[in-house]
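Single-structure report; data block below.
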Amino acid sequence: MLDSPVPTTAPNSRVTRKVAFTALAGASLVGAVAGCAPSNAAAPGPAQAGNSAPSAPTTAAPTSAGSVGSSAHIYRDGTYSADGRYTSPNGPETVGVTLTLASGVVKDVQITQHPTSANTAIYQKHFASGIKDVVVGKKLDDLNVGVVSGSSLTGQGFNDAVSIIKGEAS
């Protein structure tokens, strides 16, 4: 019995199982990464930034100037103001936002600072100094700011105020 041949299928089946397992793991990883990849869908708006309720789906409509645009809403021309809320390490904060709109596009922006601490005052001042470069000339529906002039939290309040202004201007 010592001379009996050793089955050759056992080592090959282990290799086959390893290859199959590696392929399955690789396919799973590709599937997971593909699920996280960006799509051609529209960029997230303030509702998806976690600061307000989701908005209802809409379709393209003419802008207030009468031409068909890519914006989903018709916004009335004018100047609109709202206070946006956000939370800083110092607690609840607000920032005042005034937008002037024409044909659904931001023509001017003003920030009214409502700091509750010296740190908040510094960051709101930095935000106010740089926000015009970020939003003037942009469609209202495209606004979703993040860090502006080193201020990372004030943008959350700005986005909250923009959500309110969208409702007022509709």
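Hydrogens, waters and symmetry mates play no part in the numbers below; they use all other heavy atoms, side chains included.
A donor and an acceptor atom, one from each side chain of Asp141 and Tyr75, are located under 3.5 Å apart.
Here the shortest heavy-atom pairing between Leu140 and Lys166 reads O-CE, 3.4 Å. Listed here is the closest heavy atom pair of Ser149 and His126: CB-O, 3.1 Å. Residues Ala169 and Leu101 approach most closely at CB-CD1, 3.9 Å, considering heavy atoms. When every heavy atom of Ile165 is checked against every heavy atom of Ala82, the shortest pair comes out as CG1-CB, 3.8 Å. Among all heavy-atom pairs drawn from Arg76 and Ser170, the shortest one is NH1-O, 2.6 Å. The two atoms that bring Ser117 and Asn90 nearest to each other are OG-ND2, 2.7 Å, heavy atoms only.
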Evaluate the criterion side chain to side chain contact (heavy atoms under 4.5 Å, CB included) for residue pair Thr112 and Gln110; output intermediate values, then yes/no.
CA-CA 7 Å; Thr112 304; Gln110 299 295 320; 5.7 Å; no
Evaluate Thr120 against Tyr86 for side chain to side chain contact (heavy atoms under 4.5 Å, CB included), listing each step before the verdict.
CA-CA 11 Å; Thr120 301; Tyr86 66 103; 3.8 Å; yes
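Of the candidates Val148, Val162, Val145, Val135 forms a side-chain contact (heavy atoms from CB on, under 4.5 Å) with just one, namely Val145. Only one option out of Thr100, Thr98, Asp133, Ile131 pairs with Val109 in a side-chain contact (heavy atoms from CB on, under 4.5 Å); it is Ile131.
Here the side chain of Arg85 pairs no donor or acceptor atom with the backbone of Gly157 at under 3.5 angstrom. Without hydrogens or angle criteria, Gln124 side chain to Thr94 main chain gives a donor-acceptor distance under 3.5 Å. Between the side chain of Asp160 and the backbone N or O of Gln156 there is no donor-acceptor pair closer than 3.5 Å.
Two residues are said to be in side-chain contact when any heavy atoms from C-beta on lie closer than 4.5 Å; Ile111 and Phe158 meet this criterion. In this structure, Lys107 and Val105 have side chains that are in contact, with non-hydrogen atoms separated by less than 4.5 Å. Residues Thr87 and Leu153 form no side-chain contact, since every pair of their non-hydrogen atoms from C-beta on lies 4.5 Å or further apart.
Taking Tyr123 as the reference, nothing meets the ring pair (Phe, Tyr, Trp, His ring centres under 6.0 Å) condition, with sequence neighbours excluded. Evaluation of the side chain to side chain donor-acceptor pair (under 3.5 Å) rule for Ser151 yields Thr154 as partners, not counting sequence neighbours. For Lys132, the side chain to side chain donor-acceptor pair (under 3.5 Å) partners at least two apart in sequence or on another chain are Asp108.
Of the inter-residue distances, the one linking Leu99 atom CG with Lys138 atom NZ reads 13.0 Å to the nearest 0.5 angstrom.
Hydrophobic clustering (side-chain heavy atoms under 4.5 Å, transitive across Ile, Leu, Val, Met, Phe, Trp, Tyr) keeps Val147 apart from Val97.
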